[in-house]
Amino acid sequence: MFVSPSDSSVVRVVSLIVLLAAACVYVMRTRSLNAPSPIQQFGPCGRIMKNSAMVMTIQDPASQRLTWYKPPLTVLVIKKVRDVSVLQPFVKLVKWLIQEKSMLVYVEQSVMDDTLLATNPSFTVVKDKLMTFRDGKDDLTDKIDFIICLGGDGTLLYASLLFQQSVPPVMAFHLGSLGFLTPFEFENFEDQVTNVLEGHAALTLRSRLRCIIMRKNEETAKDAKPPTNILVLNEVVIDRGPSPYLSNIDLYLDGKLITSVQGDGLIVSTPTGSTAYAVAAGASMIHPSVPAIMVTPICPHSLSFRPIVVPAGVELKISVSPDSRNTAWVSFDGRNRQELLHGDSLRVTTSIYPVPSICAQDQIADWFDSLGECLHWNVRKRQKHLDELSDLTHSSSNDTLDSLEHTDQIDS
């Protein structure tokens with residue numbers, strides 16, 4: 001068939017529109033994630049439908065190594081607030097980064113206003129060389145090459161909050177109370193930071209949840225503002241707030257009603273967040289490299305309502321049941337708490353922007369060390385060996401009740 005130039009232009013335009021639509025769908029939502037397998041055919045006839053715009057392949061965790069395309073020049077140092085014990089390590093680190101590594105160091109503006117730091121003579125030497133930012137006002141996108149956290153797990157959560165898209169590699173030092181997400185010790189920080197700057201480190205890609213609150217009639221309103229995306233590293237918590245009544249929350253998965261939650265609320269967590277609020281509510285612990293979303297009820301009024309794990313990439317919709325006596329409240333990593341009214345909905349799916357957390361050893365050793373040290377997972381006093389038991393060392397396996405009774409008769 002002959003195609004005129006005008007027809008050919010129409011075909012190209014239509015093809016371009018289709019490609020753009022597919023790209024928009026991919027940006028809006030990660031539809032599915034495949035396991036790290038190159039096999040696409042199963043048996044003589046079965047195969048996975050090829051659609052590159054809708055499929056994300058998960059990399060083998062063992063191959064996730066840090067690589068710098070160019071030497072990092074800017075570093076963001078986040079320290080635990082209102083903690084005197086962190087001040088001296090913070091000053092030593094910042095001074096070393098500026099004087100020894102010639103790096104441009106960013107800190108939060110509130111750090112400069114700390115009266116204890118202002119009187120520190122070592123800090124006054126480098127104070128004028130620091131760059132500052134204000135949370136919620138200054139955009140750090142494409143300004144930071146590397147992040148160093150000093151404190152507890154909250155510092156890593158704060159770093160995740162600052163970057164709502166691509167996150168620079170994060171190196172977290174344990175100077176807080178728990179330290180589940182902070183595998184590095186500060187004693188020999190010079191060698192450890194130098195090793196990372198040279199590109200010798202493993203990464204754990206900690207997935208985040210992309211959350212959108214859709215208000216009532218907002219989807220159909222013409223002049224409605226675009227919804228705000230909130231990315232969380234640990235969990236989204238929906239609870240009954242101050243109300244004395246049970247929460248009644250409808251849970252949808254990919255548009256299908258799964259169940260109605262009756263209880264104190266619901267936790268939607270990442271694998272990283274599975275060892276936080278979720279495990280305290282009875283959920284399992286999931287390695288952060290597993291592509292999944294965990295749904296955990298809070299004190300459900302059904303003994304058979306157990307936590308479930310769904311594939312990463314599905315879309316969860318959570319809304320207040322129409323016949324619910326009260327509204328619900330939602331918080332994101334313990335922040336931005338707000339009310340969900342009747343008719344509102346919360347959309348949750350996996351974000352395409354993970355948090356690249358630098359490992360002290362590797363993905364497996366770091367996680368299991370944290371389970372043992374922080375949560376005392378499977379830590380107990382070992383059972384004694386038989387040779388250590390004085391009451392059994394003189395008896396043999398051939399002893400019977402009859403022989404023992406015969407011995408007693410002879411002695412009498």
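For clarity, every value in this text was computed on a predicted model and none was experimentally measured.
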Checking Thr141 against Gln164 for the side-chain contact (heavy atoms from CB on, under 4.5 Å) test, could you report, in this order, the C-alpha distance in whole Å, the side-chain angles of both residues, the deciding distance, and whether it holds? CA-CA 9 Å; Thr141 305; Gln164 290 294 295; over 6 Å; no
Give a yes or no on whether the backbone of [Y] and the side-chain of [X] come within a donor-acceptor separation of less than 3.5 Å.
X	Y	value
Asp138	Arg134	yes
Ser243	Tyr245	yes
Thr124	Pro121	yes
Arg347	Glu315	no
Ser345	Lys317	no
Asp333	Glu235	yes
Thr275	Thr272	yes
Ser247	Gly263	yes
Ser321	Asn248	yes
Thr132	Gln109	no

Check the surroundings of atom NZ in Lys101: do more than 12 heavy atoms from other residues, nucleotides or ligands lie under 6.0 Å from it?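 Yes, NZ of Lys101 has more than 12 neighbouring heavy atoms, counting only those of other groups under 6.0 Å.
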Tell me if the CG atom of Asp113 is crowded by more than 12 foreign heavy atoms within 6.0 Å.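 Counting neighbours around CG of Asp113, more than 12 heavy atoms of other residues, nucleotides or ligands fall under 6.0 Å, so yes.
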May I ask you to test the [X]-[Y] pair for a side-chain heavy-atom distance under 4.5 Å?
X	Y	answer
Ser302	Gln262	no
Asp145	Pro168	no
Met171	Val193	yes
Leu162	Leu76	yes
Val232	Leu209	yes
Arg215	Leu340	yes
Leu87	Asn120	no
Leu97	Ile148	yes

Can you tell me how far [atom2] of [Y] sits from [atom1] of [X], rounded to the nearest 0.5 angstrom?
X	Y	atom1	atom2	answer
Ile147	Thr74	CD1	OG1	9.5 Å
Ser207	Tyr353	OG	OH	15.0 Å
Lys79	Leu150	NZ	CG	9.0 Å
Ser274	His287	OG	NE2	10.0 Å
Asn336	Leu161	CG	CG	7.0 Å
His200	Gln192	NE2	CD	14.5 Å

Does the plane of the ring in Phe90 sit parallel, tilted or perpendicular to the ring in Phe123? Use 30° and 60° as the thresholds. tilted
Which class fits the ring pair Phe146 and Trp68: parallel under 30°, tilted 30 to 60°, perpendicular over 60°?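 Because their plane-to-plane angle is over 60°, the rings of Phe146 and Trp68 count as perpendicular.
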Between Thr327 and Glu339, is there a side-chain donor-acceptor contact under 3.5 Å, judged purely by atom types and distance? yes
Is a side-chain donor-acceptor pair under 3.5 Å present for Ser85 with Asp83? yes
Which heavy atom of [X] sits nearest to which heavy atom of [Y], and what is that distance?
X	Y	value
Glu187	Glu190	O-OE1, 4.4 Å
Leu233	Ser160	CB-OG, 3.8 Å
Arg208	Leu231	NH2-CD2, 3.3 Å
Gly152	Thr182	O-CG2, 3.7 Å
Asp114	Leu116	OD1-N, 3.0 Å
Leu181	Pro183	O-CD, 3.4 Å

Between Val170 and Cys149, is a side-chain contact (heavy atoms from CB on, under 4.5 Å) present by the stated rule, with each step listed? CA-CA 7 Å; Val170 183; Cys149 296; 3.8 Å; yes
Does the side-chain contact (heavy atoms from CB on, under 4.5 Å) test come out yes or no for Tyr158 and Lys80, once each step is laid out? CA-CA 10 Å; Tyr158 182 63; Lys80 185 178 181 181; over 6 Å; no
Is the closest basic N to carboxylate O distance between Arg337 and Asp239 below 4.0 Å? yes
Between Phe184 and Phe189, is the side-chain contact (heavy atoms from CB on, under 4.5 Å) condition met? List the steps. CA-CA 8 Å; Phe184 289 93; Phe189 75 93; over 6 Å; no
Stepwise, does the ring-ring contact (aromatic ring centres under 6.0 Å, His included) test hold for Phe186 with Phe173? CA-CA 6 Å; Phe186 192 76; Phe173 286 92; 5.6 Å; yes
Out of Val237, Leu266, Ile238, which residue meets the side-chain contact (heavy atoms from CB on, under 4.5 Å) rule with Ile298? Val237
Run through Asp250, Val268, Val330, Val295 and flag the one making a side-chain contact (heavy atoms from CB on, under 4.5 Å) with Ile318. Val268
